[in-house]
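When reading the values below, keep in mind they use all heavy atoms of this one structure, side chains included, and skip hydrogens, waters and symmetry mates. All figures in this text were calculated on a predicted structure; none of them were measured in a lab. To find a chain, count down the sequence lines: A is the first, B the second, and so on, and within it residues start at 1.
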2 protein chains.
Amino acid sequence: MSTAKDLKEAGLKTTLPRLRILSVLEGAKGHFTAEEVYKSLLDAGEEIAFATVYRVLTQFENAGLVLRHNFEGGRSVFELDDGQHHDHMVCVKCTTVTEFFDPLIEERQSAVAEEYGFKLEDHSLYMYGLCKNCQEA
Amino acid sequence: MSTAKDLKEAGLKTTLPRLRILSVLEGAKGHFTAEEVYKSLLDAGEEIAFATVYRVLTQFENAGLVLRHNFEGGRSVFELDDGQHHDHMVCVKCTTVTEFFDPLIEERQSAVAEEYGFKLEDHSLYMYGLCKNCQEA
DNA sequence: TTGATTGCAAAGAATTTGCACTGGG
DNA sequence: CCCAGTGCAAATTCTTTGCAATCAA
């Protein structure tokens, strides 16, 4: 669980908005758009400005606390960075995000990069389709 | 090479703007933002509206003539769809895009999807880093 | 002719920024 | 006390749309 400690280490002051945003990100779903974070706080009766949500998420991203994804559709999606790299499966119907990790895929990526003399810094693999639930429905 | 024939088959009238945009997409680099397409045409002395570039690219996308990518950085990148699926390596310095295809990666993606009961419709794999040239510089 | 296509300008959506006020350390 | 942090509104950036004029078939 992320705490004030993480904030301090990132050189960020421990403020209410930041703690609240952290606690939203820790929620069950794990993947949120800025709007979802904002609405979630409003629904919980918290006062917060939309701009602050964006600013804080961006600060968290720079501090390495949060990962930002650009799935299809234009909106950014944020998740807490637990240090465990993983890729994502996004349901095109219910927008649910499922994480996965495949060592072989990772390995092949490095191999391909090396083949091309490309210095790999980062990568993103998103798979789009229908999750189990949405297929049945 | 894409031609008026492709347009007709897609139910699109053969117009100058469309042909010009097609010819830009056929250019060497192969991957363009809407702005690059627009500027390329202006530089060539062609009259065209920015909105038309976007409209045409979107029509081409819907017609299956063009693929649209959302690399990091917010801007969409377009390329002609030659029917040969491939993934992309994007140089974070010079923004050059290199295509690659790895059967093993493709295979593992299907396997992972199946494991999760996920019906895979599409995927995007982008690798970010430094291309050969930019490492040397 | 006639509906498809364009150009232009204005609208939209997502995200960022300027600035004065507030608050954590 | 003092500067980081926040709220608010306005600005940016990328992309889409409405509408009247224009063009391909």
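One interatomic measurement links the two molecules: CZ of A:Phe60 to C1' of D:dG5, which rounds to 12 Å at whole-angstrom precision. With rounding to whole Å, B:Tyr38 atom OH is found 16 Å from D:dT13 atom C1'. Separating the NE2 atom of B:His69 from the P atom of D:dC14 is a distance of 19 Å, rounded to the nearest angstrom. Between the CD atom of B:Gln59 and the C1' atom of C:dT6 there is a distance of 10 Å, given to the nearest Å. Distance CZ (B:Arg18) to C1' (D:dC23): 11 Å, rounded to an integer number of Å. A:Leu7 places its CG atom 14 Å from the P atom of C:dG24, with the value rounded to the nearest Å. Regarding B:Ile48, its CD1 atom lies at a distance of 14 Å from the P atom of D:dC23, rounded to whole Å. In this structure, A:Leu42 places its CG atom 11 Å from P of D:dG7, rounding to the nearest Å.
Inspection of the A:His31 and A:Glu36 side chains reveals no N or O donor paired with an N or O acceptor under 3.5 Å. Judged by distance alone, the side chains of B:His88 and B:Glu79 do bring a donor and an acceptor atom under 3.5 Å apart.
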Letter per nucleotide, 5' to 3', of nucleotides 11-20 of chain C [B base touched, S only sugar-phosphate touched, - untouched; heavy atoms, 4.0 Å]: ---SBBBB--
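A salt bridge links A:Lys5 with A:Glu9: the closest approach of a Lys/Arg side-chain nitrogen to an acidic carboxylate oxygen falls below 4.0 angstrom. The pair B:Lys39-B:Glu35 counts as a salt bridge, with a side-chain nitrogen and a carboxylate oxygen less than 4.0 angstrom apart.
The listed nucleotides are C:dT6, D:dA4, D:dA24; the one nearest the side chain of A:Lys13 is D:dA4. In this structure, of C:dT6, D:dA25, D:dC8, it is D:dA25 that holds the atom nearest to the side chain of B:Thr14.
Remark: side-chain polar atoms of B:His86 are paired, donor with acceptor, to backbone N or O of B:Gln84 under 3.5 angstrom. Counting only distance, with no hydrogens or angles, the side chain of A:Thr58 and the backbone of A:Tyr54 share a donor-acceptor pair below 3.5 Å.
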